Amino acid sequence: MASPVPVKEKKLMEVKLGELPGWILMRDFTPKGIAGAFQRGYYRYYNKYINVKKGGVAGISMVLAAYVLFNYCRSYKELKHERLRKYH
Amino acid sequence: MNENLFASFAAPSMMGLPIVVLIVMFPSILFPTPSRLINNRLISIQQWLIQLTSKQMLAIHNQKGRTWALMLMSLILFIGSTNLLGLLPHSFTPTTQLSMNLGMAIPLWAGTVITGFRYKTKVSLAHFLPQGTPLPLIPMLVVIETISLFIQPMALAVRLTANITAGHLLIHLIGGATLALINISATTAFITFIILILLTILEFAVALIQAYVFTLLVSLYLHDNT
């Protein structure tokens, strides 16, 4: 199970399944690390869909759809009562 | 139905955490900063719109008033984007909360009034008495002008809150009516649906117009006082 490259530096797709818990525990969970993760995720999305030569409406509409979904999940508790049922 | 109607205006909190801060900060993600001379399409469209609006809005101000350009442009962007995002289903609109609108209106109005009093004291005090009033009416008119001055921030805040809240409520009500009418009479439901579509178009317009009106009035108060 020991591999020549240390587990910490491998990308997620190259980590073997058995090493996964160790890999997750070795990630940087400090505030700076979490902020870095958010920043990397943001720029990954931005550079793929918006910061391109001929960006379309898909880039921003995916963000808006995720926002709608987030708000739906947030208010699910009140929306539960409005389902179409014979007896509430 | 009664409790549900106003439930969407409550401050959002997930598992006890107030996430209203996150929702207020969300529109800022949709306005990326331009980093190059020629940017991507999203930034180019936004830059063009901002240039158009700022030229229109700052044309009436002198040099001193134009120092407020950043404030006015960010104000109209914030209110416009927040109102438009509130038209998405299930979303929370921060501008429906009177507290937030008061928080925006009172400091801005107070800023314009204090600027006027600091730099042009005589002219600012002279605003309290319109030209050419008959002598006996002067005391009453000064009182009236003072009241109308102090009501300006309240009117700004309440106008924005009431317009956006009323629009959202109407959409809720008419949408609920359409759903309830489908089983009873399809024609009436169809008519109500057309009304809903028209109302949504109106709400898009209202969202933008309210932002514009808010900013325009602040700019007018500024113009009086610089």
Side-chain angles (χ1 to χ4, degrees), chain A residues 11-13 20-21 24-88, chain B residues 1-36 38-46 81-82 84-94 96 168 172-173 175-180 182-183:
Chain A
K11 294 189 188 194
L12 182 57
M13 289 295 132
L20 197 57
I24 291 181
L25 288 174
M26 283 199 203
R27 300 298 294 170
D28 187 10
F29 286 115
T30 62
K32 185 177 169 190
I34 295 182
F38 273 110
Q39 213 177 25
R40 271 176 286 140
Y42 171 76
Y43 278 113
R44 210 169 127 183
Y45 183 85
Y46 181 65
N47 287 323
K48 180 168 182 190
Y49 288 108
I50 304 185
N51 205 9
V52 289
K53 204 165 175 184
K54 297 181 83 175
V57 68
I60 198 167
S61 50
M62 276 197 280
V63 178
L64 293 178
Y67 181 63
V68 171
L69 198 65
F70 170 69
N71 281 310
Y72 180 76
C73 295
R74 177 182 55 81
S75 46
Y76 181 69
K77 211 168 177 191
E78 274 90 41
L79 290 169
K80 243 186 350 182
H81 301 294
E82 292 177 24
R83 284 182 287 200
L84 285 174
R85 291 264 188 282
K86 193 172 170 190
Y87 303 108
H88 271 248
Chain B
M1 163 106 155
N2 281 335
E3 199 260 7
N4 285 335
L5 205 48
F6 292 104
S8 61
F9 293 118
S13 72
M14 200 155 73
M15 305 181 293
L17 291 168
I19 53 170
V20 61
V21 181
L22 279 177
I23 296 185
V24 171
M25 290 198 310
F26 176 71
S28 64
I29 294 185
L30 304 171
F31 295 106
T33 38
S35 52
R36 303 186 178 145
I38 311 277
N39 296 295
N40 52 45
R41 285 181 176 179
L42 184 69
I43 295 184
S44 307
I45 293 177
Q46 287 168 359
S81 62
T82 331
L84 282 174
L85 278 176
L87 290 171
L88 291 170
H90 304 307
S91 46
F92 171 71
T93 324
T96 53
H168 284 334
H172 272 278
L173 281 169
T178 316
L179 271 179
I182 284 182
N183 292 327

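Since the structure is predicted, the reported quantities are computational estimates derived from the model, not experimental observations. Here is the naming used below: chain letters follow the sequence lines, and residue numbers restart at 1 for every chain.
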### Query
Is any side-chain heavy atom of A:N51 closer than 4.5 Å to a side-chain heavy atom of B:I43?
no
### Aromatic plane relationship, B:F26 with A:Y67 - under 30° parallel, 30 to 60° tilted, over 60° perpendicular
parallel
When the 4.5 angstrom heavy-atom criterion is applied to B:I29 and chain A, the contacting part is both
If one checks every heavy atom of A:I60 against chain B at 4.5 Å, the contacting part turns out to be side chain
Interatomic distance, NE2@B:H90 vs CG@A:L69, rounded to 0.5 Å, equals 9.5 Å
Atom of [X], atom of [Y] and distance for their closest heavy-atom approach:
X     : Y     : answer
B:I23 : A:R74 : CD1-NE, 4.1 Å
A:V68 : B:P89 : CG1-O, 3.8 Å
B:R41 : A:K53 : NE-O, 3.9 Å

message = Could you go through A:Y46 and B:N40, starting from their C-alpha distance and side-chain angles, then the distance that decides it, and tell me whether this counts as side-chain contact (heavy atoms from CB on, under 4.5 Å)?
response = CA-CA 11 Å; A:Y46 181 65; B:N40 52 45; 3.3 Å; yes
Within a 6.0 Å radius of atom OH on A:Y45, are there more than 12 heavy atoms belonging to other residues, nucleotides or ligands?
yes
